[in-house]
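These notes are about the structure you will find just below.
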Amino acid sequence: VQLQASGGGLVQAGGSLRLSCVVSGRTSSRFLMGWFRRAPGKEREFVAAIKWVGTNTYYADYADSVKGRFTISRDNARNTVYLQMNSLKPEDTAVYYCAAIAEYTSGSYYSDHLYEYWGRGTLVTVSS
């Protein structure tokens with residue numbers, strides 16, 4: 001499984017960006033997909049995840065810091081997961097990573113330890 005994230009860039013506070021993560025190799029609509037970020041000098045942290053819960057049904061979850069501003073979605077026909085980021089703040093500046101769990105059964109998907117596959121990251125810089 002290979003993940004390729006893209007869409008980062010420089011944006012002013014209040015602006016928007018959409019990140020994309022293309023999954024290749026072994027793919028499945030049932031993969032649990034997550035976005036994490038690492039800000040300068042900080043630990044990598046959970047941003048959002050989208051989990052298969054039934055036929056064509058997914059559950060999305062978010063860190064409190066991005067709830068109401070970010071939206072995670074997926075297009076299974078394109079094997080792509082998106083992170084729409086609105087109302088960006090300078091504190092959202094970070095390298096953003098997409099990650100996947102092939103067969104999620106239980107455990108906290110807020111923890112990066114559970115994820116088996118990672119993309120290389122894309123830099124998002126929000127200027128004030």
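The figures that follow rest on heavy atoms only: side chains count, while hydrogens, waters and symmetry mates do not. As the structure is a prediction and not an experimental result, all values here were calculated from the model. Position 1 is the first residue of the sequence; numbering continues from there.
Residues K89 and D92 are not paired through a salt bridge, judged by the lack of any N-O separation under 4.0 Å between the basic side chain and the carboxylate. By the 4.0 Å N-to-carboxylate-O rule, E45 lies close enough to R37 to be salt-bridged with it.
Here the closest non-hydrogen pair linking L32 and A49 is CD2-CB, 4.2 Å. Here the closest heavy-atom approach between residue M33 and residue C21 is recorded as CE-SG, 4.3 Å. Heavy-atom minimum distance, A13 versus P90: CB-CD, 4.1 Å. When all heavy atoms of Y58 and N76 are compared, the closest pair comes out as OH-ND2, 2.8 Å. T80 and V22 make their closest contact through OG1-CG2, 3.8 Å (heavy atoms, listed as atom of the first residue, atom of the second, distance). Residues R26 and A102 approach most closely at NH2-CB, 3.4 Å, considering heavy atoms.
Note that CG of L17 and CZ of F70 are 9.0 Å apart. Values are rounded to the nearest 0.5 Å. With rounding to the nearest 0.5 angstrom, the CZ atom of R74 is 13.5 Å from the OG atom of S20. Here the straight-line distance linking atom OG of S87 with atom CZ of R69 works out to 7.0 Å at 0.5 Å rounding. For the atom pair CG of N79 and OG1 of T27, the computed distance is 4.0 Å after rounding to the nearest 0.5 Å. The line from CZ of R44 to CG of D112 is 4.5 Å long, rounded to the nearest 0.5 Å. Atoms CD1 and CE, on I72 and M85 in that order, are 12.0 Å from each other to the nearest 0.5 Å.
N86 and S16 share a donor-acceptor pair across their side chains, judged by distance under 3.5 Å alone.
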Exercise. Evaluate side-chain contact (heavy atoms from CB on, under 4.5 Å) for Y96 paired with L123, printing each intermediate quantity in order.
Key: CA-CA 6 Å; Y96 284 72; L123 176 62; over 6 Å; no
Quiz item: Please walk me through it: do Y117 and I101 pass side-chain contact (heavy atoms from CB on, under 4.5 Å)?
Solution: CA-CA 7 Å; Y117 306 103; I101 303 172; over 6 Å; no
Quiz item: When you look at D61 and Y109, which way does the side-chain hydrogen bond (donor to acceptor under 3.5 Å, both in side chains) test go after all the steps?
Solution: CA-CA 10 Å; D61 200 3; Y109 51 76; 2.7 Å; yes
Practice problem: Let me see the working for Y59 and I50 under side-chain contact (heavy atoms from CB on, under 4.5 Å), right down to the final yes or no. | Solution: CA-CA 6 Å; Y59 171 74; I50 186 163; over 6 Å; no
Practice problem: Evaluate the criterion side-chain contact (heavy atoms from CB on, under 4.5 Å) for residue pair L19 and V124; output intermediate values, then yes/no. | Solution: CA-CA 9 Å; L19 305 184; V124 172; 4.0 Å; yes
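W35 and L88 fall within a single hydrophobic cluster, where Ile, Leu, Val, Met, Phe, Trp and Tyr are joined by side-chain heavy atoms under 4.5 Å apart, directly or via other members.
In K42, the NZ atom is not crowded: 12 or fewer heavy atoms of neighbouring residues, nucleotides or ligands sit closer than 6.0 Å. Applying the 6.0 Å contact sphere to CD of Q4 captures no more than 12 heavy atoms from other residues, nucleotides or ligands.
Using a 4.5 Å heavy-atom cutoff, the side chains of V47 and Y62 are not in contact. Annotation: side chain of T122 is not in contact with side chain of V95 (no heavy-atom distance under 4.5 Å). Annotation: side chain of L114 is in contact with side chain of Y104 (closest heavy-atom distance under 4.5 Å). At a threshold of 4.5 Å between non-hydrogen side-chain atoms, the residues E103 and F31 do not count as touching.
A distance-only check finds a donor-acceptor pair linking the side chain of T57 to the backbone of T55 [under 3.5 Å].
Ring-centre distance between F36 and Y97: not below the 6.0 Å cut-off.
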